[in-house]
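Just below is one structure, and these are the notes that go with it.
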Number of protein chains: 2
Amino acid sequence: MHDKMNHELNPRISADCVIFGFDLNKLNVLLIERETVVGLDTYKALPGDLIFEDEPLDTAANRVLNELTGLEDIFLEQVGAFGDPDRLSKPQDRAWLKAVRQDPDARVVTIGYYSLVGMNNYVPQPASFARAATWIPIEEIGELAFDHRQILDGALKKLKEKLNVQPIGFNLLPEKFTLSQLHRLYEAILGVELDKRNFRRKMLKMDILESLEERQEGVPHKPSQFYKFNEQKYHDLLKTGFDNFAF
Amino acid sequence: MHDKMNHELNPRISADCVIFGFDLNKLNVLLIERETVVGLDTYKALPGDLIFEDEPLDTAANRVLNELTGLEDIFLEQVGAFGDPDRLSKPQDRAWLKAVRQDPDARVVTIGYYSLVGMNNYVPQPASFARAATWIPIEEIGELAFDHRQILDGALKKLKEKLNVQPIGFNLLPEKFTLSQLHRLYEAILGVELDKRNFRRKMLKMDILESLEERQEGVPHKPSQFYKFNEQKYHDLLKTGFDNFAF
DNA sequence: GACCTTTGTGTCAAAAATACACTTTGCGAA
DNA sequence: TTCGCAAAGTGTATTTTTGACACAAAGGTC
């Protein structure tokens, strides 16, 4: 727009999103595959981009996420600001920035966000506007672009904390789910084993689950009871405050 | 420096610090008194300012804090980013910005930080480099400049959460303190009453306090036992993880 | 020495956490 | 058809933690 000199004077601000999904087995994160400029191999990054001049941060995060993945209007929670002056200075990051940014040398402070979505509700459309967003199991994620690994770790930490303050994670499951699935979800997020009986007892005592008549079908073992999440009771409890929630 | 046009193109970044102090009775926050431009009355703000071009965020927060209050090299924890496009648009805020900023119209995204200090360790120097930093009891704080009230509320919330995950707050007390003082501190932060006997039982069971031989002197009632905080044991516990900490 | 103020202490009942093993159900393979 | 496999589902006994509660002790002041 104006001369480049001035673009280097002031920092830019971006938003990066850590989207957690659960495939009833493992915890996944939605990542963007980017081609390295040299074209050797791809490398992975969180969906994120610069914010607009007059855009609230949360709005920007949602817009950027939508542009890159197609996900719409999700509740995003802030992880924090990441602003190390050389967070963009790894060689392949520099190369990518030079290829796509008007002012690749500008400092960028990014605001990290995270959210949970059900993996069933969202299947990345590989070749469309969702450029190359893919679910990657969290244990298989190694290094990421920029300081995205750090943002991811921060988001996971917040997610764990949150899970111990209020029961969340229903977003990550289909509408009807089994207690075992919920159990696996908790174990996946917290990264520990939880006793089956104790988990069930505690979860049911909260009284935010409704058991359905329906049961699993076609499984080669005893079919599991389906439950659904009772939003009404959940919100009532949110007001009075949860009391026994930590696992 | 350059023409004003360009200054308006990109956002600025600032750091604002919420410093909690405890006077053995009430929880206080360190605020800057500013004269309104019209000179009618003062109004209060968190210590904060723009960050430098190549400065890490945490470093900037500490520098700014030091410049405005004299406090040095404190561990600051991030509250989050606050970036509403019209967070600077209250009339008196605009007036102040016009008086002191080169580009008063630039958007500013701020990163909030918080910390705890012992009020004994730090007495604001009214007329010196610490321009007009003063401790204000937290219940007496009303509206603040910009969105600082919101930042303060966010910081307090984080502080409460943190207090329920690990025993902190020893920074807020003198080196030797009594259990009653610690008790009052917890009540001040959490904003609730805690049973004296249960509080003591639980706190002592954590085994991070050492009772000293020394007792209070000159008080018109039964003198209280002094304790000190055992950092060694605390750090050992930090690794293994606290287990019973919430009040 | 009477009074005031704050410290410091113990118990009991209720609730919650933890550890732990076997039966049930339905499918698929022999 | 039956045998085996895999996951679901269920109960109890023990220990730990919480929460409620009241009175004696110490030291200064008047």
Side-chain angles (χ1 to χ4, degrees), chain A residues 23-26 163-165 167 173-174 176-188 190 192-228 237 240-247, chain B residues 23-26 163-165 167 173-174 176-188 190 192-228 237 240-247:
Chain A
D23 62 3
L24 304 188
N25 206 12
K26 292 194 288 190
L163 199 62
N164 273 333
V165 172
L173 293 171
K176 297 169 185 175
F177 52 85
T178 72
L179 279 182
S180 307
Q181 289 166 350
L182 187 57
H183 184 199
R184 274 195 292 275
L185 172 58
Y186 268 70
E187 292 188 328
L190 297 176
V192 295
E193 278 204 1
L194 300 171
D195 181 86
K196 183 168 51 160
R197 284 179 281 198
N198 296 339
F199 176 84
R200 285 165 169 255
R201 173 163 27 126
K202 191 156 183 177
M203 192 53 81
L204 289 174
K205 187 151 42 129
M206 284 187 195
D207 198 30
I208 51 173
L209 298 185
E210 254 174 65
S211 89
L212 304 173
E213 294 307 308
E214 218 172 325
R215 339 182 98 254
Q216 268 182 325
E217 275 171 29
V219 289
H221 54 74
K222 180 168 179 179
S224 182
Q225 174 88 231
F226 279 117
Y227 287 81
K228 77 172 195 188
L237 270 180
T240 65
F242 289 93
D243 215 30
N244 273 100
F245 34 75
F247 282 90
Chain B
D23 62 3
L24 303 189
N25 207 12
K26 289 193 291 189
L163 199 62
N164 274 332
V165 172
L173 293 170
K176 298 170 185 176
F177 52 86
T178 72
L179 279 182
S180 307
Q181 289 167 349
L182 187 58
H183 184 198
R184 275 196 291 275
L185 171 59
Y186 267 71
E187 292 189 329
L190 297 177
V192 295
E193 278 203 358
L194 300 171
D195 181 86
K196 182 170 50 163
R197 282 179 282 195
N198 296 339
F199 176 84
R200 286 168 169 251
R201 178 179 12 146
K202 192 157 184 175
M203 192 55 81
L204 289 173
K205 188 154 38 129
M206 284 189 201
D207 197 31
I208 50 175
L209 299 185
E210 254 174 67
S211 91
L212 304 174
E213 293 307 308
E214 216 173 333
R215 342 184 95 255
Q216 270 183 324
E217 275 172 31
V219 289
H221 55 73
K222 179 169 177 177
S224 182
Q225 174 89 231
F226 279 118
Y227 287 80
K228 79 172 193 189
L237 270 180
T240 65
F242 289 94
D243 215 30
N244 273 100
F245 35 75
F247 282 90

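Chain letters run A, B, ... following the sequence lines, proteins first, then strands; residues in each count from 1.
If B:Arg184 and B:Asn198 are placed on DNA chain C by their nearest nucleotide, the residue sitting closer to the 5' end is B:Arg184.
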Would you be so kind as to tabulate the donor-acceptor pairs closer than 3.5 Å made by side chains of residues 207-215 of chain B, with sequence neighbours excluded?
{"unit_1": "B:Glu210", "atom_1": "OE2", "unit_2": "B:Asn230", "atom_2": "ND2", "d": "2.9"}
{"unit_1": "B:Glu214", "atom_1": "OE1", "unit_2": "B:Lys176", "atom_2": "NZ", "d": "2.7"}
{"unit_1": "B:Arg215", "atom_1": "NH1", "unit_2": "B:Pro223", "atom_2": "O", "d": "3.0"}

Counting only pairs under 3.5 Å, give me each side-chain donor-acceptor contact of residues 199-206 of chain B, with atom names and distances, residues two or more places apart or in other chains.
{"unit_1": "B:Arg201", "atom_1": "NH2", "unit_2": "B:Asn198", "atom_2": "OD1", "d": "2.6"}
{"unit_1": "B:Lys202", "atom_1": "NZ", "unit_2": "B:Ala246", "atom_2": "O", "d": "2.5"}

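Not counting sequence neighbours, the partners of B:Lys26 by the salt bridge (charged side-chain N to carboxylate O under 4.0 Å, His left out) test are B:Glu140. Residues passing the side-chain hydrogen bond (donor to acceptor under 3.5 Å, both in side chains) test with B:Gln216, sequence neighbours excluded: none. The side-chain contact (heavy atoms from CB on, under 4.5 Å) test applied to B:Pro174 returns B:Leu24, B:Asn120, not counting sequence neighbours. In this structure A:Phe242 satisfies the ring pair (Phe, Tyr, Trp, His ring centres under 6.0 Å) test together with A:Tyr234, sequence neighbours excluded.
At a threshold of 4.0 angstrom between heavy atoms, the contacts of B:Thr178 with the nucleic acid are absent.
Closest of all the heavy-atom pairs between A:Asn25 and A:Arg184 is OD1-CD, 4.0 Å.
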Protein-nucleotides 21-24 of chain C N/O pairs under 3.5 Å:
{"unit_1": "C:dA21", "atom_1": "N1", "unit_2": "A:Arg197", "atom_2": "NH1", "d": "3.1"}

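The side chain to side chain contact (heavy atoms under 4.5 Å, CB included) test with B:Phe247 is passed by exactly one of B:Leu163, B:Leu194, B:Val192, B:Asp195: B:Leu194.
Taking every nucleotide of DNA chain D with any atom under 4.0 Å from a non-hydrogen atom of chain B, the first and last of them, 5' to 3', are D:dT17 to D:dG28.
Listed by residue number, the members of residues 240-247 of chain B with any heavy atom below 4.0 angstrom from DNA chain C form an empty set. Near DNA chain C, defined here as any heavy-atom distance below 4.0 Å, the residues from residues 214-221 of chain B are B:Pro220, B:His221, listed numerically.
A distance of 8.5 Å separates CG of A:Leu190 from CG of A:Leu185, quoted to the nearest 0.5 Å.
Here the two rings, on B:Phe177 and B:Tyr227, have centers that are 6.0 Å apart or farther.
Within 3.5 Å, no donor on the side chain of B:Arg201 pairs with an acceptor on the base of C:dT9, nor the reverse.
Of the side-chain N and O atoms in B:Ser224, none sit less than 4.0 angstrom from OP1 or OP2 of C:dT6.
In this structure a side-chain-to-backbone donor-acceptor pair under 3.5 Å is missing from A:Asn164 to A:Phe245.
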